[in-house]
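One structure is given here, and the rest of the page talks about it.
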Amino acid sequence: MKILMVSIPSLHFFRWTSQLQDSGHEVYWFDITGMSGKIERLNWVTQKTGWKLKWNYPGRIFIKSKFPGIYKKIQINIERDTATVFEKYLNEIQPDLVHSFALYLSCTPIISVMEKYANQKWIYSSWGSDLFYFQNEPTYLKDIKRVLPRINYLFTDCKRDYEIAKKYGFTGEFLGVFPGGGGFDFAEMELYKLPKSERNVILIKGFQGRSGRVIPVLKAIESLSNELLQYKIIVFGADVETFDYLKKSILKEWINFQVEGKISHSEVIKLMGKSLLYIGNSNSDGIPNTLLEAICMGVYPIQSNPGGATAEVITHGISGLLIENCEDISEIKNNIIDGLKILSVTELSDPQKKIIESLDFNYIKSIILKKYNFNELDKTI
């Protein structure tokens with residue numbers, strides 16, 4: 001069948017779509033941003049990219065970033081309308097199925113078209129904060145309540161978001177809970193996994209911004225200088241707010257502390273292969289892909305639990321540790337201390353092994369391909 005993917009160009013989307021390669025389906029991609037070029041890793045997919053600009057000119061990016069008010073006034077003259085271009089592409093392809101990834105990014109911009117073509121089957125994949133965070137924003141909630149009743153099928157990355165979706169109007173077929181990027185390539189990961197005896201890194205995700213909460217983690221770390229002397233502490237993916245905080249922190253004087261800005265996905269995996277403990281903290285997420293990757297790499301996780309999502313994967317004190325209050329420095333500190341004690345255990349627990357087994361790329365792919373079986377989907381309408 002013909003499947004039209006609608007998404008921003010992102011690693012999660014690329015990985016999910018790779019599950020359909022050689023499946024017998026005709027796969028198309030409508031880049032909802034309209035700004036990317038052809039993606040080589042999806043060279044087997046028919047791609048609609050680079051459609052957004054009617055014409056470009058020197059200084060456009062500068063004006064867009066520095067003078068958004070002016071840019072908004074001239075935007076209609078230089079940018080094509082997303083819904084108009086999408087509708088034309090939809091009619092050109094006439095797909096059996098449209099699959100959008102992330103509601104506010106890839107559903108809302110085309111909802112007027114999908115309402116017009118009411119019989120067009122539509123899958124929505126919920127990512128991260130898609131529903132949990134944005135339900136609290138009136139403008140986004142209005143979009144959520146408009147989109148969800150039109151959706152025929154739903155993938156989520158946690159059970160929590162299925163419940164939220166039903167609350168706001170979804171009555172279609174729930175296709176299940178899966179990582180946002182599909183499964184993980186264990187053979188590739190194995191290349192970077194050091195034996196536990198050779199690992200000494202405590203790895204920390206460095207986002208602050210809208211939903212990240214790395215600063216409470218850093219404050220907890222500051223009070224554990226003696227306990228952490230034998231470990232190397234590495235913060236990755238640090239954003240501007242994180243760097244600004246570290247300028248004033250005693251951590252910048254620690255010889256065993258290192259901070260990195262945005263790094264490649266492969267570099268993250270390499271760091272995990274050297275790590276004993278992983279800490280991720282935020283006020284909103286689904287099941288973080290970085291958390292799942294850490295688990296697959298044999299790293300013991302300490303992770304925030306917004307809306308109870310992480311507890312769907314981690315059993316506190318057994319397969320990891322949960323941060324219930326992402327702002328509570330004392331709770332985070334105690335979790336780190338408990339995590340260091342647990343690291344003395346040499347073997348993975350049975351729950352950890354079961355989690356890892358369930359995340360294998362080929363295992364998840366085999367299930368996902370059944371979900372895309374058009375004959376089965378057709379029975380649910």
Sort out for me which residue in Tyr153, Phe132, Phe174 forms a ring-ring contact (aromatic ring centres under 6.0 Å, His included) with Tyr162.
-> Phe174
Looking at Phe155, Trp122, Phe13, which hits ring-ring contact (aromatic ring centres under 6.0 Å, His included) with His99?
-> Phe155
Given 3.5 Å as the limit, does a donor-acceptor pair link the side chain of [X] with the main chain of [Y], or not?
X	Y	result
Arg80	Trp51	yes
Asn256	Leu228	yes
Thr33	Ile8	no
Asp157	Gly180	no
Asp161	Thr156	no
Lys219	Ile329	no
Glu79	Lys52	no
Arg160	Pro306	yes
Asn335	Leu322	yes
Lys274	Leu203	no

So with a 6.0 Å cut-off around [atom1] of [X], is the heavy-atom count from everything else above 12?
X	atom1	value
Lys262	NZ	no
Tyr28	OH	yes
Leu229	CG	yes
Lys365	NZ	yes
Tyr140	OH	no
Lys38	NZ	yes

Does a donor on one side chain sit under 3.5 Å from an acceptor on the other, for [X] and [Y]?
X	Y	value
Tyr245	Gln208	no
Glu331	Asn334	no
Ser284	Ser211	no
Lys2	Gln94	no
Thr46	Glu26	no

Decide whether [X] and [Y] are clustered together by the hydrophobic rule: side chain heavy atoms of Ile, Leu, Val, Met, Phe, Trp, Tyr closer than 4.5 Å, transitively.
X	Y	answer
Phe361	Met189	no
Ile342	Ile318	no
Phe207	Phe134	no
Ile364	Met5	yes
Tyr192	Phe236	yes

Salt-bridge criterion met for Glu163 and Lys166 (N-O under 4.0 Å) = yes
Charged N to carboxylate O under 4.0 angstrom, Arg146 versus Asp143?
-> no
Just say parallel, tilted or perpendicular for the rings of Tyr372 and His25, cut-offs at 30° and 60°.
-> tilted
Establish, yes or no, whether the cationic atom of Lys247 lies under 6.0 Å from the six-membered ring centre of Phe243 and within 45° of the ring axis.
-> no
Provide the closest heavy-atom pair for [X] versus [Y] in the form atom of the first, atom of the second, distance.
X	Y	value
Leu103	Asp130	N-OD2, 2.7 Å
Leu276	Arg199	CD1-O, 3.4 Å
Ala83	Val113	O-CG2, 3.5 Å
Gly317	Tyr300	C-OH, 3.7 Å
Leu148	Ala165	CD1-O, 3.6 Å
Cys326	Ser282	CB-O, 3.5 Å

Leu340 vs Leu224, side chain to side chain contact (heavy atoms under 4.5 Å, CB included): CA-CA, chis, key distance, verdict = CA-CA 11 Å; Leu340 294 175; Leu224 292 170; 6.0 Å; no
Passes side chain to side chain contact (heavy atoms under 4.5 Å, CB included), Ile39 versus Val45? Steps please.
-> CA-CA 9 Å; Ile39 303 300; Val45 173; over 6 Å; no
What do the steps show when you test Ile3 against Asp96 for side chain to side chain contact (heavy atoms under 4.5 Å, CB included), and what is the final call?
-> CA-CA 6 Å; Ile3 304 172; Asp96 299 295; over 6 Å; no
Out of Asn373, Leu97, Val27, which residue meets the side-chain contact (heavy atoms from CB on, under 4.5 Å) rule with Met1?
-> Leu97
Side chain to side chain contact (heavy atoms under 4.5 Å, CB included) between Leu369 and Leu20, worked out | CA-CA 7 Å; Leu369 289 179; Leu20 290 170; 3.7 Å; yes
Please say which of Lys193, Lys270, Lys205, Arg15 ends up in a salt bridge (charged side-chain N to carboxylate O under 4.0 Å, His left out) with Glu293.
-> Arg15
State, with a plain yes or no, whether a side-chain heavy atom of Val147 is found less than 4.5 Å away from one of Tyr124.
-> no
Does Val201 reach the side chain of Leu271, with side-chain heavy atoms less than 4.5 Å apart?
-> no
